[in-house]
Enquirer: 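Dropping a structure here in structure tokens format, bear with me for questions.
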Amino acid sequence: MTKVNFGLTANSPRVLSEKWSSIQESGFTVESLGETLEGGQSFIWNRLQENSWVGVIGLTILKLRLTDNKLLWQSSNPQEFGHEQVSEYLWIDQSYNAAINQLPWRSDPVLHQCMKPLTGLRILKQPFDEVLFYFLLSPVKSIPQIKETGNQVAKEFGENLGHGLYSFPGWEALSEITESKFRELKFGYRAKNIFGTAQFLKGRPDWFETVKSMPYMDARKEVMQLPGVGEKIADCVLLFGASKMESFPIDTWIDKVLTNRYNLIGWSQSQKLDFARLHFGKFAGLAQQFFFSGERLGVFDKG
DNA sequence: GATCAGGCCGAGT
DNA sequence: ACTCGGCCTGAT
């Protein structure tokens, strides 16, 4: 295996290990890992090759590679972010299989059709604060645009980790930045939401942990008090950042699936949401991710 | 140059 | 409770 040199000095705490560590039977395929990392739930992953990716989680650079059904990883900080943290981040444990088992794919051909080509697709367990930031940036923007804007903020205000990689600055740092500065960074009308949220979070260091510990509906109500957070973004943030698997974000793609594939023509948004929660159950968010990736990959176009 | 995006919010029905 | 237009910016 080639040594991966990310340009860090030898005594840096964030130097990458030379060897790859491996996780057997991860359940991922190249397709499902790619969609998990790049399919709109996270904006910090970059594909290096067809089967390898690099991303920044907290202050850790993580590199992933899938070969021969084996998942390989390298962490820049294996003491703090090692096997256990990688497994948790990627939802590699038995609870994933249990979640898949609870989805109604056996009696739902639409869902089953989406799941088949994406075996192993996960909901990532990302840092809550970072997910909130990225999804506040997301309205009416494409994935590449969100990635680029977020990356610029990390570059300007985050920590330089080497290799052109930067950490998410955190809300404490963001709260020191003016709205007009955000507008210079092309946030557009999202600038006032990021600014307002940063001001709200200032002096509330426990807010994220508190919300995470709340039941889904309470947490949803709490998150929706933030400026720029409506139902859709609240559900994204809770699903991807707080492991609230009941969350079922309905964006335009999912709306299309519900309308066209489940024939909910003429149903209101709240009726569609009721249907989804009832039909898909407590892992509705996982079903949502299969739909999102399935629609993106065009599984419905093939008849 | 117009129009429209992976949404939110406030105003009006 | 639901519909509508405005909002920044960038891509067609």
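Order of the sequence lines sets the chain letters (A, B, ...), proteins ahead of strands, with each chain counted from 1.
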Enquirer: Just compare dC8(C), dT9(C), dG7(B) and give me whichever is closest to any side-chain atom of D251(A).
Expert: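 Among the listed nucleotides, the one closest to the side chain of D251(A) is dG7(B).
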Enquirer: Say whether, by atom type as modelled, one donor and one acceptor occur between the side chain of E246(A) and the main chain of Y216(A) under 3.5 angstrom.
Expert: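 No, E246(A) side chain to Y216(A) backbone: no donor-acceptor pair under 3.5 Å.
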Enquirer: Please determine, for the side chain of S268(A), which listed nucleotide (dC2(C), dA5(B), dG6(B)) has the closest atom?
Expert: dC2(C)
Enquirer: Within the pair S142(A) and dA11(C), is there a side-chain N or O less than 4.0 Å away from OP1 or OP2?
Expert: no
Enquirer: For S26(A) and F28(A), indicate whether the former's side chain and the latter's backbone hold a donor-acceptor pair under 3.5 Å.
Expert: yes
Enquirer: Determine the interatomic distance between P on dT3(B) and the same-named atom on dG6(C); round to the nearest Å.
Expert: 12 Å
Enquirer: What I'd like to find out is whether the side chain of K244(A) reaches to under 4.5 Å of the side chain of V223(A), using heavy atoms alone.
Expert: no
Enquirer: Taking the side chain as every heavy atom from C-beta outward, state whether L286(A) and F280(A) have any atom pair closer than 4.5 Å.
Expert: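 They are not in contact (no side-chain heavy atoms under 4.5 Å apart), so the answer is no.
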Enquirer: Given the P atoms of dA11(B) and dC8(C), what is the spacing between them in whole Å?
Expert: 16 Å
Enquirer: Can you tell me if the side-chain N/O atoms of S138(A) get under 4.0 Å from OP1 or OP2 in dG6(B)?
Expert: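 No, S138(A) has no side-chain N/O under 4.0 Å of OP1/OP2 on dG6(B).
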Enquirer: If you define the side chain from C-beta out and look only at heavy atoms, does anything of N97(A) sit under 4.5 Å from I100(A)?
Expert: no
Enquirer: On DNA chain B, does the nearest nucleotide to V229(A) precede the nearest nucleotide to Q288(A) from the 5' side, or the other way round? Give the residue.
Expert: Q288(A)
Enquirer: Looking at dC7(C), dC2(C), dG6(B), which one has an atom nearest to any side-chain atom of Y189(A)?
Expert: dC7(C)
Enquirer: Please evaluate residues F240(A) and F43(A) with respect to the criterion ring-ring contact (aromatic ring centres under 6.0 Å, His included), reporting the C-alpha separation (whole Å), side-chain torsions for both, the decisive distance (0.1 Å), and the verdict.
Expert: CA-CA 11 Å; F240(A) 304 133; F43(A) 302 94; 8.7 Å; no
Enquirer: Does dC8(C) have its OP1 or OP2 closer than 4.0 Å to a side-chain nitrogen or oxygen of R190(A)?
Expert: no
Enquirer: Taking a pair as Watson-Crick (N1 to N3 plus N6-O4 or O6-N4) or G-U wobble (N1-O2 and O6-N3), both under 3.5 Å, which stems of 3 or more consecutive pairs involve DNA chain B?
Expert: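 Looking at DNA chain B, the stems formed by three or more consecutive pairs are B:2-5 with C:9-12, B:7-13 with C:1-7.
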